[in-house]
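Have a look at the structure below, then the notes.
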Amino acid sequence: MYYTRIDGLRALAVGAVMASHYLPEEYLMGISWGSYGVHLFFVISGFLITGILHRSSIDGTVKTLRAFLYRRVLRIFPLYYFCLAFITMMGWAKMGGDAWWHWTYLSNWFFWSEGTWVEGHPAHFWSLAVEEQFYLFWPLLFLMVRRKSALGAGALLVGISLVYRFDLMGTGSIESHLGNITTIACIGSLGLGACLSVVIDKFKTTSIGKLWLVSLLLLLLTHVCAL
């Protein structure tokens, strides 16, 4: 299913990220626009992926999971590995013995383990690594719990992420040690998108959806405060 409004949200996310990279600090008003843009991308991703899984889950768990992963690999892997190979051959990236982190979609954990954005490494791949890691466990979890508990599973991801991020904020290490780019810190936004997908589906068939919508908005506000 295609949502035309999603394109507008993607444009906002891209604009926020670009602004954080290219606008002078005085124009950013002290707001981390890049972080909001990336997390908006995560929300969109969680929303779309959960919708795909929901619509195809009637085919059975194994068949649906296999088809989902097959489509993800065909859509992402060729271009991703081409980019890695290209920037390496051109000398734009000098990853040395640490290149395997990026070739295995673990870029975010590499920068976290180093505690800094290491020069010569493709820092912009960290968010794609988070999404690929999400694709490994969320489809299986969603198909296991099915529709009845999918909202609870998504809310659980949000809760885990919030607890982790609040803990990092309490210790003052969320920025200084790049704790905000770990998968645990980011699954809240992906889980939020998943919850939104389930809520919209429920809203079409039952008035209970109104209650879930209010709950989702509260989760959204809480999550935004934790960014």
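Here, residue 1 is the first one in the sequence, and each next residue gets the next number.
Listed by chain and number, the hydrophobic cluster partners of Met18 are Val14, Tyr22, Phe41, where partners are ILVMFWY side chains within reach of under 4.5 Å, directly or through others.
Not less than 6.0 angstrom separates the ring centroid of His39 from the ring centroid of Tyr36.
The side-chain heavy atoms of Leu190 and Leu157, taken from C-beta on, include no pair separated by under 4.5 Å.
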Sequence neighbours left out, cut at 3.5 Å: what donor-acceptor pairs do the side chains of residues 91-99 make with other protein atoms?
none

Please tabulate, one pair per line, all N/O donor-acceptor pairs under 3.5 Å involving side-chain atoms of residues 67-89, not counting sequence neighbours.
residue, atom, partner, partner atom, Å
Tyr80, OH, His102, O, 2.4
Tyr81, OH, Trp103, O, 2.8
Thr88, OG1, Leu84, O, 2.7

All N/O donor-acceptor pairs, side-chain side in residues 132-144, below 3.5 Å, sequence neighbours left out:
residue, atom, partner, partner atom, Å
Gln133, OE1, Trp109, NE1, 3.1
Gln133, OE1, Thr183, OG1, 2.2
Gln133, NE2, Tyr105, O, 2.8
Gln133, NE2, Asn108, OD1, 2.9
Gln133, NE2, Ala129, O, 3.2
Tyr135, OH, Glu131, OE1, 3.0
Trp138, NE1, Thr50, OG1, 3.1

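Residue Ile181 comes nearest to Val130 through the heavy atom pair O-CG2, 3.8 Å, listed as atom of the first residue, atom of the second, then distance. The minimum heavy-atom distance between Gly37 and Ala16, with the atom names listed, is CA-CB, 3.9 Å. Ser161 and Ala185 get closest at one heavy-atom pair: OG-O, 2.8 Å.
Under the rule for a side-chain contact (heavy atoms from CB on, under 4.5 Å), the partners of Leu156 that lie at least two apart in sequence or sit in another chain are Ile160. Listed by chain and residue number, His21, Val38 satisfy the side-chain contact (heavy atoms from CB on, under 4.5 Å) test with Val17 (two or more places apart in sequence, or in another chain).
Ile187 contributes atom CD1, which lies 12.0 Å from atom CG of Leu192 (distance to the nearest 0.5 angstrom). From Phe47, atom CZ reaches atom OG of Ser197 across 5.0 Å, with rounding to the nearest 0.5 Å. Here OG of Ser113 is found 9.5 Å from CG of Leu178. Values are rounded to the nearest 0.5 Å. Note that the SG atom of Cys186 and the CZ atom of Arg165 stand 6.5 Å from one another [nearest 0.5 Å]. Taken to the nearest 0.5 Å, the CD1 atom of Ile44 stands 8.5 Å off from the CG atom of Leu12.
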Subject >> Derivation of the side chain to side chain contact (heavy atoms under 4.5 Å, CB included) call for Ser107 and Trp112 >> reply: CA-CA 9 Å; Ser107 300; Trp112 172 80; over 6 Å; no
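Side-chain contact, Thr182 with Tyr164: a donor N or O sits under 3.5 Å from an acceptor N or O.
Checking Trp117, Trp126, Phe125, Trp101 one by one against Phe110, the ring pair (Phe, Tyr, Trp, His ring centres under 6.0 Å) holds for a single residue, Trp101.
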